[in-house]
Amino acid sequence: MAEPKQPDLMEKIVSLCKRRGFVFQSSEIYGGINGFWDYGPLGAELKRNVKELWWRTMTRQREDVVGLEATIIMHPQIWRASGHVDTFSDPMCDCLLTKKRFRADQIEPQSGTAYRFWTAVSFDALQNAALKVQASADLWSRDKVIACLGTAKTREELHDRVRESLAQAKGWMSEEHLTTFHSAIEDVLSTVGDLEFSVLLPQGKPPESARRTALQFYAQRGIKDPVLIGESTEKIENSTRFNPDNGSLLTPPVPFNLMFKTYVGPTATEADVAYLRPETAQAIFAQFKNVLDTARQKVPFGIGQIGKAFRNEVTPRNFTFRSREFEQMELEFFIKPDEAIEAIHGAVITPGPGHPGEPQPAWGWQAWHQYWVEERVRFYEGIGLSRETLGFHHQTAEELAHYARACTDILFKFPFSKKDAQGNVTGDELEGIAARGDFDLSQHQRHSGKPMEYFDDELKGAFAKLAEAKKQELLERFTAVKRGDFTKRGYKPEEIETKAREAAERLSKGFYVPHVIEPSAGADRLILALICNAYREEMIPDSKGTPELRVMMKFHPRIAPVKVGVFPLLKNRPELVAKARQIFELLRPHMTVQFDDAGSIGKRYARQDEAGTPFGVTIDFDTLGEKPELLDTVTLRDRDTTQQTRVTIGELLPLLLEKLR
RNA sequence: GCGAGCGUAGCUCAGUCUGGUAGAGCAUCACCUUGCCAAGGUGAACGUCGAGGGUUCGAAUCCCUUCGCUCGCUCCA
């Protein structure tokens, strides 16, 4: 992390991103669009480098992972099978008093007495109404008006009350006064209209507190010095319509639309609805069979994909951290169920802490999960994110999705990350590595009706050789796990037992739905982490000795947007410039290079430091042979140390390529 | 989406209260200068003051609406 940790560090980083062309706001000239960001020239290079490195590390350099590139719009059924249509449309309620938002399904049911108010009017308005009928001020004092209004539970009832009072008043009150009064009341009411509000009081709380809460509610809505109208009470049992904190009524549940909807084809009817994918993973599951049939892979193996995903985030926040359009780098790594491992190898290997080393045939899901967590940490370390800058979060049983066995989040300590109760910065999520069992493939099998099973020759053979008692014990355990799975997934009770038995039967014949470990990383979040991690400020005395703020982006050479800057020492010597151009052309086919001859040499170094360029090559008079022994040598400057070494032009390219590996 | 704060040049900001027709520093570009870490000189370019409407003889300034940003609630890669 950058050393000076002022509160506005993030602002400075955002400003640098724009100033140097890392990140721009999308559609800025039209006022921008919330939650969408563009990468400028330096950002585009940076992101490309990162994605390429991920792809290389995760697929090309591994024998057991292949790639996929699927469409963003897929069959809408996919999102029913995955559960996104349901979970991404959670109904939300707002507290009418505090505006606090609740997920409707997470509100704890409340019981007690609900105090209901039909509306409220301001004291002044009532006073005025009373004044209008001044002639009978005695009878129509404010209190009486309130008494008249206050007990009516509905508008209709109020009118009855008014009529009643008027009937009583007849005889000594003129027709004119009665009309005046009636219309005065109407006037008051028309200024507020119906504004129903309720407060739920738990057993034993005084009614006054409900009234106080209601007064607050009406006061917030601009009714000065409110007078409550139409109080009534009602016994309430197990209701989720009230805020558990203050008893205030909530808005009715409004479904939240977190997936981007679109229409496929020229008509835009309900039947044409499709979604922009909210994650890239589902395409991998949906194409699992095709990949399996064509890629000559055996379980365990993985399918990797990099691609855009879209979520209608409630609140895009923290610069690019939570965007509505973002890119994911996801791997689905398919493994055998633990029971299959046990059948084949006798037992499942459970490794100790740390990286468990090269994959072993007898690894169960825990070993694989741990392996991928550690592999991913190595990846981050390899691009300059040290363990100290990262954080880890092991999801608790409550946080886990019902089908997940475990999930480890890899966090990065961003400048905007919050501190926990102990004052430690925990960080925000870059990647989640989930052990998802066979949930996803099974769901697609269930919804598509197409088998997602894998036939495991080795397993079939193993079961054939297994002692009957051991076999029965294993299958019994497998059945129990399946039973649990199917129950959680809402299968009909009568189906559960047969389905579970069926799955066990299939297992004994060598068939199973593979389980999956899912390392899912946010590309844009990683870019942001790399930018924050690289940002450095230093006070350095300039040539006059006055300290100057220097900003440097300390990117790891592997991912730096520009690898090397090439500079003629002086611009006004054509022979220096020409030689520098030659070197520029020499390097250009192999890496991103920038040629710069503007301003003083120091200024050019500083400019490249701010862009995060790790190396600088300067062509001086010695390059041209002023000192014959230095002919055809250049200085190679290291960004982080500012040290310069003299290297021959012949050595330059191999040396740089080595440093960039 | 709701609440609070903010929006003036590429960047950082002054000017807004008290209306009179827009400024500074840095950055950018050109030329000169420069013999290794943001040197210096000369010149240039750069803002319909977030947008729209209103009040006014006159609006960056006052009022309304809208968009965007930041923070909180909520969601997550």
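These numbers come from a predicted model, not from an experiment. Below, chain A is the first sequence line, B the second, and so on; all start at residue 1.
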Show which side-chain atoms of residues 568-575 of chain A pair as donor or acceptor with protein atoms under 3.5 Å away, not counting sequence neighbours.
none

Next item on the list: Among the candidates B/rC37, B/rA77, B/rG35, find the nucleotide nearest to the side-chain atoms of A/Ser520.
Entry: B/rA77

Note to self: What is the separation between atom CZ on A/Phe414 and atom P on B/rC76, rounded to the nearest whole Å?
What the structure shows: 18 Å

Check: If you look at every strand shown and take non-hydrogen atoms under 4.0 Å, does A/Lys18 touch a base, only sugar-phosphate, or nothing?
Finding: sugar-phosphate

Next item on the list: Look at atom CZ of A/Arg19 and say whether more than 12 heavy atoms of other residues, nucleotides or ligands are closer to it than 6.0 Å.
Entry: yes

Check: Do we count A/Tyr605 as stacking onto B/rA38 if the rule is ring centres under 5.5 Å and planes under 30°?
Finding: no

Margin query: I want to confirm an ordering. Mapping A/Ile601 and A/Glu518 to their closest nucleotides on RNA chain B, which one lands closer to the 5' end?
Written below: A/Ile601

Note to self: Rounding to an integer number of angstrom, what distance separates B/rU28 and B/rU70 when you compare their C1' atoms?
What the structure shows: 28 Å

Next item on the list: For A/Gln608 and B/rC37, give me the distance from atom CD to atom C1', rounded to whole Å.
Entry: 13 Å

Check: Rounding to the closest angstrom, what is the interatomic distance between B/rA60 and B/rU16 at atom C1'?
Finding: 7 Å

Next item on the list: Sticking with atom C1', work out how far B/rG19 lies from B/rC2, rounded to a whole angstrom.
Entry: 34 Å

Notebook entry, point to check: Which listed nucleotide (B/rC37, B/rA27, B/rG35) is nearest to the side chain of A/Phe621?
Noted result: B/rG35

Item checked: Spacing between A/Lys12 atom NZ and B/rC13 atom C1', to the nearest angstrom -> 15 Å

Check: Counting any heavy atom closer than 4.0 Å, what does A/Glu330 reach on the DNA or RNA strands: base, sugar-phosphate only, or nothing?
Finding: nothing

Notebook entry, point to check: What does A/Thr641 touch in the nucleic acid at a heavy-atom separation under 4.0 angstrom: a base, only the sugar-phosphate, or nothing?
Noted result: nothing

Notebook entry, point to check: Does the side chain of A/Leu430 reach to within under 4.5 Å of the side chain of A/Leu385, using non-hydrogen atoms?
Noted result: yes

Item checked: SB check A/Arg646 A/Asp620 (cutoff 4.0 Å) -> yes

Item checked: Separation of B/rU12 C1' from A/Ile13 CD1 (nearest whole Å) -> 16 Å

Item checked: B/rU61 to B/rC49 separation - C1' atoms, rounded to the nearest Å -> 10 Å

Margin query: Should the side chain of A/Arg607 and the base of B/rC37 be counted as holding a donor-acceptor pair, with the cut-off at 3.5 Å?
Written below: no

Check: Taking the same atom, C1', in B/rG5 and in B/rG43, what whole-Å distance lies between them?
Finding: 42 Å

Notebook entry, point to check: What integer distance in Å separates A/Leu42:CG from B/rC11:P?
Noted result: 16 Å

Distances under 3.5 Å between nitrogen or oxygen atoms of protein and nucleotides 68-70 of chain B:
from	atom 1	to	atom 2	distance (Å)
B/rG68	O4'	A/Gly31	O	3.1
B/rG68	O3'	A/Gln25	NE2	3.0
B/rG68	O2'	A/Gln25	NE2	3.2
B/rC69	OP1	A/Asn34	OD1	2.9
B/rC69	OP2	A/Asn34	OD1	2.8
B/rC69	OP2	A/Asn34	ND2	3.0

Notebook entry, point to check: Charged N to carboxylate O below 4.0 Å: is that the case for A/Arg322 and A/Asp428?
Noted result: no

Note to self: Holding to salt bridge (charged side-chain N to carboxylate O under 4.0 Å, His left out), I want the full list of residues that pass it with A/Glu325, two or more places apart in sequence or in another chain.
What the structure shows: A/Lys308

Checklist line | Spacing of the C1' atoms in B/rA45 and B/rG35 (rounded, Å) | finding: 32 Å

Notebook entry, point to check: How would you label the contact of A/Asp609 with the nucleic acid (heavy atoms, under 4.0 Å): base, sugar-phosphate, or nothing?
Noted result: nothing

Next item on the list: Classify the nucleic acid contact of A/Ser15 as base, sugar-phosphate or nothing, counting any heavy atom under 4.0 Å across all strands shown.
Entry: sugar-phosphate

Note to self: Less than 4.5 Å apart, side chain to side chain, heavy atoms only: is that true for A/Phe334 and A/Phe285?
What the structure shows: yes

Checklist line | For B/rC57, the Watson-Crick or wobble partner whose two distances fall under 3.5 Å | finding: B/rG20

Next item on the list: Answer with base, sugar-phosphate or nothing: what part of the nucleic acid does A/Phe321 contact at a heavy-atom distance below 4.0 Å?
Entry: base

Notebook entry, point to check: Can you tell me the Watson-Crick or wobble partner of B/rC26, both distances under 3.5 angstrom?
Noted result: B/rG10

Checklist line | Pair partner, B/rG72 [Watson-Crick or wobble, under 3.5 Å] | finding: B/rC2

Next item on the list: Using a 4.0 Å heavy-atom cut-off across all strands, classify A/Thr635 as base, sugar-phosphate, or nothing.
Entry: base

Notebook entry, point to check: B/rG35 pairs with which nucleotide, Watson-Crick or G-U wobble, both distances below 3.5 Å?
Noted result: none

Margin query: Measuring from the side chain of A/Asp620 (C-beta onward, heavy atoms only), which nucleotide among B/rU74, B/rC36, B/rU34 has the closest atom?
Written below: B/rC36

Margin query: So A/Leu430, base contact, sugar-phosphate only, or nothing? Heavy-atom distance under 4.0 Å.
Written below: sugar-phosphate

Notebook entry, point to check: For B/rC32, does OP1 or OP2 lie under 4.0 Å from any side-chain N or O of A/Lys571?
Noted result: no

Item checked: A/Phe555 and A/Phe22 aromatic ring geometry - parallel, tilted or perpendicular at 30°/60° bounds -> tilted

Next item on the list: Using the six-membered ring wherever Trp is involved, compare the ring planes of A/Trp368 and A/Tyr371 and label them parallel, tilted or perpendicular (cut-offs 30° and 60°).
Entry: perpendicular

Check: Whom does B/rC49 pair with, Watson-Crick or G-U wobble, provided both distances fall under 3.5 Å?
Finding: none

Checklist line | Geometric cation-pi criterion, A/Arg581 with A/Phe595: 6.0 Å, 45° | finding: yes

Next item on the list: Measure from CG on A/Asp428 to C1' on B/rU74 and round the result to the nearest Å.
Entry: 15 Å

Note to self: What I want to check is whether an N or O donor and acceptor connect the side chain of A/Glu429 with the base of B/rC76 at under 3.5 Å.
What the structure shows: no

Notebook entry, point to check: So which one's nearest nucleotide on RNA chain B is more toward 5', A/Arg19 or A/Ala521?
Noted result: A/Arg19

Check: Where the side chain of A/Leu570 is concerned, which of B/rA38, B/rU34, B/rU74 is the nearest nucleotide?
Finding: B/rU34

Next item on the list: Would you please classify the geometry between the A/His394 ring and the A/Phe392 ring as parallel, tilted or perpendicular, with 30° and 60° separating the classes?
Entry: parallel

Check: Below 3.5 Å, does any donor atom in the side chain of A/Arg604 face an acceptor in the base of B/rC37, or the other way round?
Finding: no

Margin query: Would the base of B/rC76 count as contacting A/Arg311 through its side chain, where contact means a donor and an acceptor less than 3.5 Å apart?
Written below: no

Note to self: If I pick the C1' atom on B/rU34 and the same atom on B/rG40, what distance separates them, to the nearest angstrom?
What the structure shows: 9 Å

Checklist line | Length of the OH-P vector between A/Tyr535 and B/rC11, whole Å | finding: 15 Å

Check: B/rC36 C1' sits how many Å from A/Leu630 CG, rounded?
Finding: 14 Å

Notebook entry, point to check: Using the P atom in both, what is the distance from B/rA4 to B/rU66, to the nearest Å?
Noted result: 13 Å

